[in-house]
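Worth knowing before you read on, the calculation uses all heavy atoms, side chains too, and leaves out hydrogens, waters and symmetry mates.
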Amino acid sequence: MLTAMLILGIESSCDETAVALVRDGHEIVASLVASQIELHQPYGGIVPEVACRAHSEWLPALLDQIQRESGLALRDVDGIAGTAEPGLIGALLVGLTSAKSLAWAYGKPFVGVNHIDGHIHATRMRHREMPFPHLSLVVSGGHTEIYLSESAVKKTLVAQTMDDAAGECFDKVAALLGLGYPGGPRIQQISEGGDRKAVRFPRGKSGDDGMQLSFSGLKTAVLYYLRDHGFEIQGGRPRVAAMEARKADETLTVPMENTLADIAASFQEAAVDMLIRAVMGSVRATGVRHVGLTGGVAANTRLRAKLRAAGEKGRFEVYLCPRELCTDNAAFIAGMGYELIRAGMVDTLERDAVPN
Ligand code: KG4
Ligand code: ZN
């Protein structure tokens, strides 16, 4: 049994540049995340070229900073983990190549980590009691999947979205509602003052096994709702920025009975219901009664509350990823790296980045 193993993690798969030092897979010694949100905001989404440049500019400074803040030197770590897949190829290459270079320079074991494995491990970092096998609902900007983990290093896919990821759907609907990017947190915030029963958006089909997931229909339903309820459409997209002015507009023929908050809350409810339904289907299909929730969308308050309630009703145990570990970070990459190294799954420096 290896003891007190300190791993450096580097994450750069998307729009967060992150480094972390983690002891024994769960104890976060230091974790730094530099978010690029402001850089991408003017474009309403992530621009890969912008992301790559920021990663390569920021990573060296973050590596310096983590040494200063932790009082530890990178040459003293026991292993180095970098996100190898999936993600934006150029973005992945920046972090992965840095991780490999450091491992080579300091003569340390190197391991490439699957980003989804990292998200799943994030829940286990807090809930170390979570038994195997367990299910994990991974809901992020790029992924909406349910996995069955037999061990920390072995998982199989149980269910996945047929089209858009849930986070992508939150982001697109937020853009339709004029709420800006990233959409998830903004939809959650505005929904707090809304009536989630105001509009009954479709929940799609659950499929015979109850595990079917699809989000493109929901996004289109919101688009049609806006179009049919007096929202101005420009370039095929409704513009709802001037809500108050429009409400006061007596020439408006279609009554504006629901506010933006009602529409957002109703959308959020439909998205959450679909996710919960697929989890319940997966519990039934696999017989596994321990369910983790992770990924950026797992920070959503309504999803957390409804999954907890579903667990109590359906008699399965729910393990929520701590909010600070839901969105992308390098702590979960270092944590997962530890599990791989402990299982003897060390990589050579030939391990390449894979976008999908
Ligand atoms: O895991 P993550 O940081 O990056 C990916 O791997 O994709 O997830 C980002 C996604 C974005 O789509 C964002 O809108 C969504 O997570 N998100 C949320 C919330 N916080 C972040 N969605 C719903 N509610 C939230 N509170
Ligand atoms: Zn992620």
Side-chain angles (χ1 to χ4, degrees), residues 1-34 51-52 54-122 124-125 151-153 325 327-355:
M1 174 81 183
L2 295 163
T3 50
M5 207 193 212
L6 184 69
I7 304 293
L8 167 69
I10 299 182
E11 154 67 34
S12 71
S13 64
C14 193
D15 63 341
E16 253 95 36
T17 319
V19 301
L21 289 166
V22 172
R23 207 168 266 134
D24 290 344
H26 62 90
E27 187 196 325
I28 301 172
V29 177
S31 175
L32 302 174
V33 181
C52 299
H55 286 312
S56 62
E57 201 178 307
W58 296 355
L59 198 46
L62 286 177
L63 290 167
D64 275 347
Q65 192 183 336
I66 203 158
Q67 293 186 96
R68 274 200 313 277
E69 286 187 11
S70 66
L72 295 165
L74 296 185
R75 77 174 73 82
D76 295 333
V77 302
D78 301 298
I80 299 181
T83 308
E85 59 184 46
L88 302 168
I89 186 67
L92 283 168
L93 280 169
V94 176
L96 189 68
T97 307
S98 305
K100 289 201 273 189
S101 307
L102 288 168
W104 175 78
Y106 295 136
K108 303 292 176 182
F110 157 77
V111 68
V113 174
N114 176 296
H115 183 85
I116 304 302
D117 286 341
H119 273 299
I120 293 173
H121 182 74
R124 294 193 292 252
M125 288 174 79
S151 73
V153 295
L325 292 180
T327 46
D328 290 350
N329 62 80
F332 66 51
I333 296 301
M336 187 60 211
Y338 165 84
E339 296 292 349
L340 291 164
I341 292 173
R342 207 168 68 128
M345 297 165 83
V346 174
D347 283 315
T348 69
L349 298 183
E350 265 147 52
R351 172 90 187 244
D352 209 354
V354 181

Is a side-chain donor or acceptor of D328 paired with a backbone partner of E16 at a separation under 3.5 angstrom? no
Could you tell me whether a side-chain N or O of S12 sits under 3.5 Å from a main-chain N or O of G95, the two making a donor and an acceptor? yes
Tell me if a side-chain donor or acceptor on E339 pairs with a main-chain N or O of G25 at a distance below 3.5 Å. no
If you take all heavy atoms of L32 and E69, which pair is closest and at what distance? CD2-OE1, 3.6 Å
Non-hydrogen atoms of P60 and S56 that approach each other most closely: CD-O, 3.4 Å
Taking D78 for the side chain and L6 for the main chain, is one N or O donor matched with an acceptor at less than 3.5 Å? yes
Using the salt bridge (charged side-chain N to carboxylate O under 4.0 Å, His left out) rule, collect all pairs that involve residues 80-107, keeping only residues at least two apart or in two chains. E85-R351
Whether H119 and F332 hold their rings parallel, tilted or perpendicular, with breakpoints at 30° and 60°: tilted
Can you name the closest pair of heavy atoms from S13 and T83 and give their distance? CB-CG2, 4.0 Å
Would you say the side-chain atoms of H121 pair up with the backbone N or O of V153, donor to acceptor, closer than 3.5 Å? no
In this structure, CG of L349 is separated from OG1 of T97 (nearest 0.5 Å) by 10.5 Å
Flag, side chain of E27 to backbone of V29, donor-acceptor distance under 3.5 Å: no
